[in-house]
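Note sheet for the following structure.
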Amino acid sequence: MAQAGSEKLYRQAEQIIPGGVNSPVRSCRAVGTHPLFIARGLGSKIFDVDGNGYIDYVGSWGPLILGHAHPEVVEAVKTAAELGTSFGIPTTLEVDLAQMITKLVPSMEMVRMVNSGTEATMSAIRLARGYTGRSRVPADVVQHTLSLRFNDLDQVGSVMQEQGKDVAAIILEPVAGNMGVVPPKPGFLEGLRHWCNDTGALLIFDEVMTGFRVALGGAQELYGVQPDLTCLGKVIGGGLPVGAYGGRRDIMSRIAPLGEVYQAGTLSGNPLAVTAGLTTLRLLNKPGVYQQLEERSSYLFNQMSRLAAKHKVVSTMNRVGSMGCLFFTEQQVVDFDSAQTADTQKFAHMFCAMLERGVYLAPSQFEAAFVSLAHDEEDIDKTLGAADEVFKQI
């Protein structure tokens, strides 16, 4: 496909934006090409500035569970915009969204709105330290954090036995989504809950990616493990920037103005973002929605794995709900070390070859593919047809 317009824009962007992009993975360096510049999206499709259309499995990295430009979401945002785009003063909409979140995610007795999933996780960690009076968070980014292996409960147990009295919180994605898709082993999340109960540390689930994606109540509903604090983003903004964190009432009551843990944001609870999120959650709350997502997702990812095996392409497929990742490795992927065994050159070949066939995947072996309610049988069949051709090449 001709992509001269995207290439030209990228060269211009490189002169005024670091790396030409506003988020590193967008650069497409990991797959040896330049990024697409998108003009519009509709349903399951995106269209670049050169007029090419692609079946999109990125969906703005997960929030567009209804698809691009869903008419009800667009109309709701238009109506909200006509009333004002930002106030920095409370609105009814903020209360409505908070009530809906607390209803759908029972562990979140109180909720504080923020502007992104990143802000939500940073705020939750700060709250955990303030609430417990402890400094450490097992999650090597700063002086007071410990980095432990996902799915390694023995390592967690060893650390918590030695240092648990100093640990403020254990924070993790219950389904790791930033090394592909890596589900928790049976008993792992339960083991973390045990160690937090035993030591007085808080358990924080980063459900920015999994919240309202893998189930209506998120991964904590799917796996039956309740955290003390939950961080949300993605879906609750319906495609607009928003985040939230929440949990037990006694913990959340330590946030200013009730308590001493200060956190604030002028645009928190922005009426446009909150409206998009409310509309999205109301649509997701309808009967049969997640069954439909499960059926389409299981068919797509299972068939893709079968096609890889058909052409003797060594691979491992991980999937949780409508999130999936095909790793080019023969190992079972259970943590970052096993994910690193994947053949990234094969993935880069697949990315570019699928793009040529009108299918847009995440431009990294270590990111998830997302299925939306807008993906229909024709989309999935076309995707599998393209994958069949690409696996034959590989």
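Without hydrogens or angle criteria, D228 side chain to I204 main chain gives no donor-acceptor distance under 3.5 Å. At least one donor-acceptor pair under 3.5 Å links the side chain of T316 to the backbone N or O of T329. One N or O on the side chain of R213 and one on the backbone of G62 form a donor-acceptor pair closer than 3.5 Å. Within the 3.5 Å criterion, the main-chain N or O of S298 finds a donor-acceptor partner in the side chain of N302. With H375 contributing its side chain and D56 its backbone, the two residues share a donor-acceptor pair below 3.5 Å. Panel note: side chain D206, backbone T230; no donor-acceptor pair is recorded below 3.5 Å. No donor-acceptor pair under 3.5 Å is formed between the side chain of N52 and the backbone N or O of Q3. Checked by atom type and distance alone, the side chain of T121 pairs as donor or acceptor with a backbone atom of T118 at under 3.5 Å. Using a distance-only test at 3.5 Å, with no hydrogens or angles considered, no donor-acceptor pair links the side chain of D335 to the main chain of N151.
For R29, the CZ atom counts as loosely surrounded, since its 6.0 Å shell holds 12 or fewer non-hydrogen atoms of other residues, nucleotides or ligands. Within 6.0 Å of CD in E378 there are 12 or fewer heavy atoms belonging to other residues, nucleotides or ligands. In the displayed structure, F336 atom CZ is contacted under 6.0 Å by at most 12 heavy atoms of other residues, nucleotides or ligands. For Q292, the CD atom sits in a packed shell: over 12 heavy atoms of surrounding residues, nucleotides or ligands are nearer than 6.0 Å. More than 12 heavy atoms of other residues, nucleotides or ligands sit less than 6.0 Å from atom CE of M100. By the neighbour-count criterion of 12 heavy atoms within 6.0 Å, atom CD of Q393 is densely surrounded, having more than that number from other residues, nucleotides or ligands.
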request  = With side chain to side chain donor-acceptor pair (under 3.5 Å) as the test, would you mind laying out the steps for S364 and E367 before giving the verdict?
outcome  = CA-CA 6 Å; S364 169; E367 297 288 350; 4.9 Å; no

message = Run the side-chain contact (heavy atoms from CB on, under 4.5 Å) test on Y290 and F212 for me, step by step, so that the C-alpha distance in whole Å, both residues' side-chain angles and the decisive distance to 0.1 Å come before the verdict.
response = CA-CA 10 Å; Y290 285 89; F212 304 103; 4.0 Å; yes

message = One pair to check against salt bridge (charged side-chain N to carboxylate O under 4.0 Å, His left out): E294 and R319. What are the steps and the verdict?
response = CA-CA 10 Å; E294 174 65 21; R319 178 182 77 89; 2.9 Å; yes

message = Assess the residue pair E389 and K392 against the criterion (salt bridge (charged side-chain N to carboxylate O under 4.0 Å, His left out)); give the C-alpha distance rounded to whole Å, side-chain angles, the decisive distance to 0.1 Å, and a yes or no.
response = CA-CA 5 Å; E389 295 176 6; K392 185 177 181 180; over 6 Å; no

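Inspection of the Y245 and Q263 side chains reveals an N or O donor paired with an N or O acceptor under 3.5 Å. Checked by atom type, the side-chain pair Q155/S158 shows no donor-acceptor distance below 3.5 Å. With 3.5 Å as the limit, one finds no donor-acceptor pair spanning the side chains of R26 and N22. With hydrogens and angles left out, the side-chain atoms of R248 and Y131 include a donor and acceptor closer than 3.5 Å. Side-chain polar atoms of T383 and Y57 form a donor-acceptor pair below 3.5 angstrom. Between the side chains of D388 and H311, a donor-acceptor pair is found at a separation under 3.5 Å. For the residue pair E109 / T102, no side-chain donor-acceptor distance below 3.5 Å is found, with atom types taken as modelled.
Nearest heavy atoms, A30 versus P363: CB-O, 3.8 Å.
Using a 4.0 Å cut-off between a side-chain N of Lys or Arg and a carboxylate O of Asp or Glu, D379 and R296 do not qualify as a salt bridge.
Taking the six-membered ring wherever Trp is involved, the centroid distance between the rings of F188 and F150 falls below 6.0 Å.
Remark: R40 is positioned above the aromatic ring of F47, its terminal NZ or CZ atom under 6.0 angstrom from the ring centre and at most 45 degrees off the axis.
Cluster annotation: W61 and F301 are assigned to the same hydrophobic cluster (Ile/Leu/Val/Met/Phe/Trp/Tyr, side-chain heavy-atom contacts under 4.5 Å, transitive).
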